[in-house]
Every structure is written in C-alpha cells, then in structure tokens.
Amino acid sequence: MKFAVSKPGTTVAIKTGEWRSQKPVVDLSKCIKCATCQNYCPEGCMGAPGNGPEIDYDYCKGCGLCAQECPVKCIRMEHEIKIVGKKKA
Amino acid sequence: MAIRTMNYSDAIAEVASYCKVEVIASYPITPSTPIAHALNKIYVNGGFPKFITVEAEFSAVSALLGASAAGARTFSATSSQGLMLMHEALFSTAGMRLPVVMAVANRAVSSPLNIWADEQDSMSQRDSGWLQLYCKNGQEAVDTTIQAFRIAEKTMLPVMVCLDGFYLTHTISQVDVPDKDKVAAFLPPYKNPYVLDPQNPITVGAYAMPADYQDFREDLCTDAEAAQDTILEVGKEFGKVFGREYGLVEYHNCKDADRVIITLGSVCNTIEKVADSLRARGEKVGVAHLRSFRPFPASDLRANLAGKHVLVVERDVSPGGVPPVYAEVSEALSGTGSTVSVAAGLLGGREAKRPAFESLFERMKQGKVKGWLCSKDKK
C-alpha cells in the first residue's frame, strides 16, 4: 500500500528558480524603495520592504510582475541563458 | 435483527448510521435521492455528526475526500450524471487511498435524458480505482453497505455499492435490518495512517515525478486486485455474525450446468426464476451473479465456469467496442474451452419479462448468442 504523502517544506527544497526563462534585473540607482515589487512578488523572494529589492534567484520564477508594477521602471526582464540539466539541491 | 417492511433507501441510510458514519456530503439526483433524503432525516435527528449540503456532485465527493483524509468515516449517494460529474475526483480518491463509501443508484446516462435503471453510469467509472459491488436485492444492499466500510478501510480503497435505480432504491419490501450494536462491533474504528492534522502537517495526494508516478499506479492496481481476498474474508465474517454469507460471485445451480447466464444487479432475480423453471423441465442451466465487478474475480470464474457456455447479460454498452463485463468474462474464460457471448440491453429502464430469458437460454443451444437484449429490432 503506497501513499503519496510529503512533509511540509517541499517548496524550500525545490529550487523553483530553475523554471525561469527571464530574469528581473534591478537598476538600484533609480529605485525609490517603495516596496511595490516586494508586496507584489508572488514568491516573496524580493527581500523585506524598507530596503531595495534583494532578489533570491533560487526561487524567482521570472514571472515579471515586479517589472510590470515598478512605478519608476527600474526593473527590466532579461533573457536568461542557462545550462540545461539540474544540480541536486 | 428484525425483519421490517421498509423502503430499501431508508434501510440503507439506517445502517449507515449504525456504521457510525461521521461525514456525509450529497447532492440529490434521481434515483439516489431517497437515500440522501433518508440520510438527512437521520442527520437532523442527531444520527450523523455532519451532513454537508453541497452545490453539486463534484463538491460532494471532494468534500468526502477531504473528510476522509482528516480521518472521518464518510458516505454519500449519487446516480448517473451526478456520478459522472464526480469523475475527476473519483480517481483522486482512489489514488489517495481514501476509503470513501458511496451508494450508486444505477441509472441511464444522457443523452437522451432518462432517469431509469441500467448500469452505464458506474461502468463508465470502471477504471477509477473504486471497488464496485453490485447488489441483487434490498437485503444485499443493506448487507453490502455494512461490508463496504470494512472492505474499504482494510484495503484503503473507496467502494461503490451499486444498486439498480428504483428496483433497489424505491421498493418497499421486507428487510432484515441488522442489530445496531452488532454492526458497530463488526466495524473496527477507521484509522487513516496519514491523517490530515494541523498540529502535524503533511501533504496528501502529493506530486509524483515520472520516476515515481507509475509505482503508485501499479500499487493501486495490485491492491485493487488483492481486494478480492478482503471481500471474501469480510463476506465470510459477515455470514458468521449476521447469518448471510457473501462472496465475489454467487453461483446458482452452476456446478452441473452446461449453460450459464452471468449478470449483475437486480435483473438476476428474474433470470434465476427462469433458470429454476427450466431446471424443473430437466434443462441444465445456471445463473451467476457477479457481485464484485471491481476487483474482477477472474480466477473465481475460471474455477467455476470453465468449459461452460456462458452468456453475459449486461445493462450497459460501449459504443464502438464490446460491453465491459463481456470483455472481462471473455478474458477470464479464454483458453478454458468456454463459449462466451453477450446480450446487452435493458437500457434506461427497459424491462425484460421471463420469456425473454427463456428464449435466451434456448438460443444458447445454437451456439453464440448475437444481438441486443429485448431490442425492438426483431431480426
């Protein structure tokens, strides 16, 4: 009898950043630290409000919401070139 | 035990309360409605802790899936389009190994719209992973409902108790309703090994990558097949406690028979009567009632029907192919020297009277039977 059961924390172990095809890149000189990107980020991987964005690329899926919502347009999405084949976490 | 004259649906609901069902979720659909109605009546009088009135059948089975994962004993009733609306979640329930029990009041499927009996609805859920037990009469429906919980919870597989709509849901007749305390003693408490608990969080029905997925499905198939042993064991045990023993197939005068009709559901009663009258005239005919369709008791059939002329009577179709029970019986008896043929029909409540089956037994003498059962097309 097999049960497909998992313990909590799979989303920590699985580095969802590997799914990304585009990467947000921040121009910190233009950033006004308004925290809009940090509040919108569905993965919560842009750091804490108060500071400018500190993107955790291990989990950023590259959805581009931050770039879309940034009021001063200091985030741009760049095509990402990655080597296919993954390292075990 | 007490013989009572009552509606079969009321009897099924009453024994469900004896089985200490904790959560019910159901949406009314003919002909399962009287069961849901009776369950609700018991609920408002305190017979069940929870009855979730859902907005559709997909929610009904999904609610039970969750309740069962949280460790509750669950029950529902549905029919036809309702069962088909459950389709997706039926597979999840079985795959997650949750022992939900459901009464399926068998009814035709649209289109054309029809509310009367046949078995196309449950047959369409054949590959869902649910065990399917078919009942011949109201007594079997009551007894099978009790056994279903024990079978489900031992095998950790969901079970459908299949009842021909109207014949086994709206009929008022005598039923031997088992004793409440004996039923409670017959069913050990439900223990889910991976219970959903906020204090100790887990994910059930988790994601399986290509490396693992097939292992789960293989395991499900192996366990569903092995459920035959559990059904036999529970049927025997039930016989010891309540005096009525059950197996996978019920053979009626099959031992020395050269011609056997195998069927499932309430139509079996009429065929048995016909076979008895033919027996009295010296014809060696028998009837087999396929109580368990999932798991399919292939070796049981091989042991008992090898070499005989077997005719499958089934109330379902598979457009563009052969009907499902015939396919299974043919496979089970292949290489045994048996002749297997099929008469499918009696769809959407079309009734067959005794002469129809007398003629079937007669036609079996000429070899394979061809054509529909009780078709208006007389050729």
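So you know, we letter chains A, B, ... as the sequences are listed, proteins then strands, and number each from 1.
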> Who pairs with B:R217 by salt bridge (charged side-chain N to carboxylate O under 4.0 Å, His left out), at least two apart in sequence or on another chain?
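Counting only residues at least two positions away or on another chain, B:R217 forms no salt bridge (charged side-chain N to carboxylate O under 4.0 Å, His left out).
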> Around atom CD of B:E218, are there more than 12 heavy atoms of other residues, nucleotides or ligands at under 6.0 Å?
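Result for CD/B:E218: enclosed.
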> Is it the backbone or the side chain of B:D215 that comes under 4.5 Å from a heavy atom of chain A, or both, or neither?
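When you check distances to chain A, atoms from both the backbone and side chain of B:D215 fall under 4.5 Å.
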> Might you confirm whether atom NZ of B:K50 has over 12 heavy atoms from other residues, nucleotides or ligands at distances under 6.0 Å?
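Open.
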> Do any of residues 222-236 of chain B have a heavy atom less than 4.5 Å from a heavy atom of chain A, and if so, which, in residue order?
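Expected list: B:D223.
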> Is it true that atom CD of A:E78 has more than 12 heavy atoms of other residues, nucleotides or ligands lying nearer than 6.0 Å?
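More than 12 heavy atoms, drawn from other residues, nucleotides or ligands, come within 6.0 Å of this atom.
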> For B:E153, enumerate each residue passing the salt bridge (charged side-chain N to carboxylate O under 4.0 Å, His left out) test, keeping only those at least two apart in sequence or located in another chain.
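Only B:R73 meet the salt bridge (charged side-chain N to carboxylate O under 4.0 Å, His left out) criterion with B:E153.
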> Does a sphere of radius 6.0 Å around OH in A:Y57 hold more than 12 heavy atoms from other residues, nucleotides or ligands, not counting ones at 6.0 Å or beyond?
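More than 12 heavy atoms, drawn from other residues, nucleotides or ligands, come within 6.0 Å of this atom.
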> Return the option, out of B:D212, B:T203, B:L157, B:V204, with the maximum number of heavy-atom pairs under 4.5 Å with chain A.
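Looking at each of B:D212, B:T203, B:L157, B:V204 in turn, B:T203 comes out on top.
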> For residues 144-152 of chain B, give me every residue with a non-hydrogen atom less than 4.5 Å from any non-hydrogen atom of chain A.
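Within residues 144-152 of chain B, no residue comes under 4.5 Å from chain A.
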> How long is the straight-line distance from CZ of B:R97 back to NZ of A:K2, given to the nearest 0.5 Å?
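If we round to the nearest 0.5 Å, A:K2:NZ and B:R97:CZ are 10.0 Å apart.
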> Evaluate the side-chain contact (heavy atoms from CB on, under 4.5 Å) criterion for residues A:F3 and B:M96: first the C-alpha distance (whole Å), next the side-chain angles of each, then the deciding distance (0.1 Å), finally the verdict.
CA-CA 6 Å; A:F3 293 80; B:M96 289 166 73; over 6 Å; no
